[in-house]
Participant: 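There's a structure below that I have some questions on.
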Amino acid sequence: MEYTTAPLEVPLDGRVSVPGDKSLSHRAVLFAAMAEGKSELSGILDSQDVGATIAAVGNIGAEVDVSPTCDGSLDVSVGGWGSAGPSSPYGPLDCGNSGTTARLLLGILAGWEIEVTLTGDRSLSSRPMRRVLEPLSSMGARFVSDSGTLPITVHGSELMPIVYETSVASAQVKTAILLAGLRAAGRTSVREPAQSRDHTERLLPAFGVPVGRDQALNSCWVDGPATLKSASVRVPGDPSSAAFITAAAVLIPGSDVTVTGIALNPTRTAYIDVMKRMGADILAKPDGVHGTEPVGSLHVRHANRLRAATVTADQIPSLVDEIPVLALVAALAEGVSRFEGVGELRVKESDRLTAIVDGLKRLGARASAEEDTLLVEGPSALRGARLDSLGDHRLAMCWALAGLVAREPVTVEGFEAIDVSYPRFLDDLASLGMPHT
Ligand code: S3P
């Protein structure tokens, strides 16, 4: 499906609450499935990615009951398999487009004596899984995979604990190892080159499993064997979805928008600091804690003048999903913005680094990638274009946003990719005043 956005002549104005956080929704469902007893989850994101996780755990023995609510989120009650372990599914588990589903399930299944095949769509089947298979194999799990990508068959077995240093800062890799560590006798610890999002470290204790942390060393650990206990979890709004609304309000003249109820976890909100450094008028107001996550609102007003910013490699993990939208903002800011150490973007839902450069150039902006650095020179007056989402939800939303701030309309092919993380994207923009085209 294609969708065209046209230059917006009216400001965005009002309050909006974005849907539940994707990373937390996956973790809440997976941890509840692993737990002994019945967990009650609310605010769960209703999207394709989280749907893949819900379906997967239902196929391996969790008792899942999903109720849509009037705010568009899901209430999910999950009877976990606990110490009985997951059961063998009838066929392969389809992880769809979701890297989090695939990588976390590999860690969860590695320590149980079952044989399960994980599959995914074309994009997910080309994404690197060796980064998870290697540590899990050295713990004792066995995998069959042609080339270190999906489909992968897990032959779970008894595991040994591991002390592991990852070469990339990845919350998915870290979480897979920690979850496998719950099936090994002794301490399993993971150290990363930079701090990745820490939802697992925060949420596992709510399911009765302590997680040790040394934040100065970017390391964390669990002591196994351990069984999770059921919990009640309320998932706050997704800061990565809020980033699109925030950028729209920053860029569209006269806008004044408040995004409420989002997770203000510092391992996720670095994009706010970067936009502020660029001259954006954003006030983040913490207003409490939802279970394990700080939450609050963002008050965003249009910025008359934006300037370029440099984002260094150590900051990338805490804004890794926001680089497409930050690059779009950079195209409208004065000077050369640098995003250093962004090589990981090549193995996201698409090769985002190439796609950002190509897309911005087609919009008439100046952008280039030099090894692992993305350079965007602005300000450019963006022109209309026809751009392919490449099946990547964040690109689909980024290019739709470009159409709101360009001189001419932008058509996004494969726009349905937004269903992966933010099916309500257009409705939320419409609620702030964007006319439906
Ligand atoms: C995620 C972690 C990040 C992020 C992805 C979701 C998670 O990936 O890009 O959208 O839920 O743990 P990596 O951990 O591979 O960096």
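Just so we're clear, the structure is a prediction, and the values are computed from it rather than from any experiment. Start at 1 and go down the list; that is how both ligands and their atoms are numbered.
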Participant: Quick one: does NZ or CZ of Arg213 land under 6.0 Å from the six-membered ring centre of Trp221, within 45 degrees of the ring axis?
Facilitator: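 Checked: cation-pi criterion not met.
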
Participant: In terms of atom number and element, which parts of ligand 1 are under 4.0 angstrom from non-hydrogen atoms of Lys348?
Facilitator: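 Reading through ligand 1 atom by atom, the close ones are 3 (C), 4 (C), 8 (O), 9 (O), 13 (P), 15 (O), 16 (O).
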
Participant: Could a heavy atom of His26 be found less than 4.0 Å from some atom of ligand 1?
Facilitator: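 Judged by the 4.0 Å heavy-atom criterion, His26 does not count as contacting ligand 1.
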
Participant: Tell me which protein heavy atom sits closest to atom 15 (O) of ligand 1, plus the residue, atom name and distance to 0.1 Å.
Facilitator: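 The closest one turns out to be Ser170 OG, 3.1 Å.
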
Participant: Look at atom CZ of Arg130 and say whether more than 12 heavy atoms of other residues, nucleotides or ligands are closer to it than 6.0 Å.
Facilitator: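 Not buried by this count: 12 neighbours or fewer within 6.0 Å.
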
Participant: Whether the side chain of Glu36 engages the backbone of Ser83 through a donor-acceptor N/O pair (distance < 3.5 Å, no angle test) should be reported.
Facilitator: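 Present.
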
Participant: Measuring from atom 14 (O) of ligand 1, which candidate in Ala171, Ser23, Ser25 has the nearest non-hydrogen atom?
Facilitator: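 Closest candidate by heavy-atom distance is Ala171.
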
Participant: Quick check on side chain to side chain contact (heavy atoms under 4.5 Å, CB included): which of Val325, Thr246, Val320 does Tyr271 satisfy it with?
Facilitator: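 Among the candidates, only Thr246 passes.
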
Participant: Keeping the roles fixed (side chain from Thr175, backbone from Gln172), state whether a donor-acceptor pair exists under 3.5 Å.
Facilitator: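 No: the side chain of Thr175 does not pair with the backbone of Gln172.
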
Participant: Please write down residue, atom name and distance for the protein heavy atom closest to atom 1 (C) of ligand 1.
Facilitator: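 Going atom by atom, the protein heavy atom closest to atom 1 (C) of ligand 1 ends up being Gln172 NE2, 3.5 Å.
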
Participant: Side chains of Ser157 and Arg142: do they bring a donor and an acceptor to under 3.5 Å?
Facilitator: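 Absent: no donor and acceptor within the cut-off.
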
Participant: Is the closest heavy atom of Lys174 to ligand 1 under 4.0 Å?
Facilitator: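 Distance cut 4.0 Å: Lys174 fails for ligand 1.
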
Participant: For atom 10 (O) of ligand 1, find the nearest protein heavy atom and state the residue, atom name and distance (0.1 Å precision).
Facilitator: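 Checking every protein heavy atom, the shortest distance to atom 10 (O) of ligand 1 gives Asp321 OD2, 2.9 Å.
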
Participant: With a cutoff of 4.0 Å, is Glu344 in contact with ligand 1, counting heavy atoms of the residue only?
Facilitator: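 Outside the 4.0 Å threshold, so no.
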
